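Take a look at the structure set out below.
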2 protein chains.
Amino acid sequence: MSHVGYGCLMAVDRSHVLRSAAALLTRKSTSTMDEVAKAAGISRATLHRQFAGRDALVRALEELGIEECEAALDAARLDEGSASDAVRRLVREIEPAAGLLSFLYTENQLFEGEQQNEGWARLDARISALFRRGQESGEFRIDLTPAWLTEALFALIASCAWVVLNGKVAAKDFHHMIVELLLGGALRRES
Amino acid sequence: MSHVGYGCLMAVDRSHVLRSAAALLTRKSTSTMDEVAKAAGISRATLHRQFAGRDALVRALEELGIEECEAALDAARLDEGSASDAVRRLVREIEPAAGLLSFLYTENQLFEGEQQNEGWARLDARISALFRRGQESGEFRIDLTPAWLTEALFALIASCAWVVLNGKVAAKDFHHMIVELLLGGALRRES
DNA sequence: CTTGAGTGAGACACTCATGTCTCATGTGGG
DNA sequence: CCCACATGAGACATGAGTGTCTCACTCAAG
């Protein structure tokens with residue numbers, strides 16, 4: 001059953017390599033294939049056998065990040081309860097992927113001309129819908145567009161992940177800092 | 001008076017080159033020295049004569065960004081009036097530099113090990129002091145640290161500059177989107 | 001007109017990450 | 001035991017960006 005063992009090992013290794021790469025690239029986004037390989041405990045040759053090149057690796061990380069985000073959105077049950085509670089759940093669920101998102105967030109700006117992965121558009125749409133729902137229910141103010149609130153959410157998540165990594169903010173405050181700052185602005189003030 | 005003409009021309013050209021480079025690198029942060037030169041309407045040789053290398057160029061842009069920020073802070077008179085008004089003035093004054101800041105914001109994460117320009121620390125300190133003043137005066141909530149509010153402000157500015165560049169947000173809404181989102185969170189709610 | 005400084009164009013070598021290749025190892029299954 | 005296969009180590013070529021240099025041109029000042 002060589003193909004079973006093969007498949008299993010590949011799957012395990014691939015996942016492990018992706019994790020290591022994500023962790024490393026989060027800290028140093030310019031790491032070389034050599035460094036990524038070392039970090040994963042494998043040789044550059046093996047890394048190259050699993051990912052055709054640096055592009056393929058980054059694309060795979062992008063896929064991973066999108067999958068984790070979508071899983072977080074699912075787990076957060078954005079349609080249930082108040083929109084603010086949904087946002088709280090979302091930030092809670094997405095926190096483990098924050099580091100990876102921080103990397104992809106800056107990396108995506110480099111793709112410039114090339115087409116973006118459609119996954120981001122799907123995520124954007126789902127989160128925008130959440131903010132729109134909050135606006136329509138009267139929870140959120142309407143002078144801040146859903147598109148901007150979505151972008152701001154990602155920006156705050158990436159930024160917070162970065163400052164946590166640098167020790168400027170305690171990791172346990174991640175959720176509080178993001179949610180309170182974002183919702184305070186998105187929530188309509190009770191006058 | 002060759003040295004006068006020399007000095008004048010260099011000053012003018014240097015500024016113009018920096019502007020072009022900032023504009024280009026804001027859109028495509030991986031632009032080549034060749035592209036930067038083309039964008040400035042000069043040859044790569046001349047570009048090299050003014051800036052020893054890519055590093056020197058980025059450093060110069062960093063200096064420019066810091067200078068513009070400090071000028072904005074000065075013009076915003078952070079010590080006068082309410083802290084929220086000071087924040088509004090700050091965002092207003094800093095808007096012209098937002099694109100450049102967006103570039104430097106992501107670029108700085110690449111410096112990784114190397115030492116950061118002390119200018120950023122000065123800016124951080126001044127803005128943090130503003131948020132602290134707002135907290136002490138009772139305007140801002142105290143569960144969000146000044147350090148985080150400062151980081152969030154920069155993140156929102158960079159992010160908003162980016163989405164404006166991509167047409168997701170109208171340029172005229174730049175100030176409103178940032179200030180309203182940030183202050184809504186930073187301001188203590190009137191219950 | 002002549003001179004000189006600044007410039008543009010291009011050639012050149014160098015560095016570095018990347019991608020591809022080969023070969024020896026060793027490990028697990030038949 | 002033997003074989004297949006994944007791996008690690010390393011050599012090698014490639015391409016891109018960079019830094020340096022030379023040379024011819026232009027234009028303004030003397």
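Just so you know, these numbers come straight off a predicted model, no measurement behind them. The analysis underlying the following values was restricted to heavy atoms, covering all of them including side chains, and did not include hydrogens, waters or symmetry mates.
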Item checked: Base versus backbone protein contacts along nucleotides 15-22 of chain D [heavy-atom cut-off under 4.0 Å; B, S, -] -> --SBBB--
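Qualifying salt bridge (Lys or Arg N to Asp or Glu O under 4.0 Å) partners for B/Arg122, counting only residues two or more places apart in sequence or in other chains: B/Glu70, B/Glu118. Not counting sequence neighbours, the partners of B/Val58 by the side-chain contact (heavy atoms from CB on, under 4.5 Å) test are B/Arg54, B/Glu107, B/Phe111. Annotation: side chain to side chain donor-acceptor pair (under 3.5 Å) contacts of A/Ser128 (sequence neighbours excluded): A/Thr150. Residues forming a side-chain contact (heavy atoms from CB on, under 4.5 Å) with A/Asp85 (at least two apart in sequence, or on another chain): A/Ser82, A/Arg88, A/Arg89. Listed by chain and number, the residues in a side chain to side chain donor-acceptor pair (under 3.5 Å) with B/Arg133 amount to none (sequence neighbours excluded). For A/Glu93, the side-chain contact (heavy atoms from CB on, under 4.5 Å) partners two or more places apart in sequence, or in a different chain, are A/Ala72, A/Ala75, A/Ala76. In this structure, the salt bridge (Lys or Arg N to Asp or Glu O under 4.0 Å) partners of B/Glu35, at least two apart in sequence or on a different chain, are B/Lys28.
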Between the protein and nucleotides 25-28 of chain D, list every N/O to N/O distance that falls short of 3.5 Å.
none

Identify all side-chain donor-acceptor contacts of residues 18-26 of chain B below 3.5 Å with residues at least two apart in sequence or on another chain.
residue, atom, partner, partner atom, Å
B/Arg19, NH1, B/Glu68, OE2, 2.8
B/Arg19, NH2, B/Glu68, OE2, 2.6
B/Ser20, OG, B/His16, O, 2.9
B/Thr26, OG1, B/Ala22, O, 2.6
B/Thr26, OG1, B/Gly99, O, 3.2

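Going from atom CD1 of A/Ile127 over to atom CG of A/Leu123 covers 6.0 Å, rounded to the nearest 0.5 Å. A/Arg27 CZ to A/Trp162 CH2: the interatomic distance, rounded to the nearest 0.5 Å, is 10.5 Å.
Separating the CZ atom of B/Arg14 from the P atom of C/dT7 is a distance of 14 Å, rounded to the nearest angstrom. For the pair A/Leu47 CG and C/dG19 P, the computed distance is 10 Å after rounding to whole Å. Rounded to whole Å, the distance from CG on A/Asp13 to P on D/dT7 is 6 Å. Rounded to an integer number of Å, the gap from B/Gln50 CD to C/dT7 P is 7 Å.
For B/Ser43, no side-chain nitrogen or oxygen approaches OP1 or OP2 of C/dA9 to under 4.0 Å.
Counting only Watson-Crick and G-U wobble pairs whose two distances sit under 3.5 Å, DNA chain D takes part in these stems of three or more pairs: C:1-30 with D:1-30.
Here salt bridge (Lys or Arg N to Asp or Glu O under 4.0 Å) pairs that include residues 144-171 of chain A, with residues two or more places apart or in two chains, are A/Glu151-B/Lys168, A/Lys168-B/Glu151.
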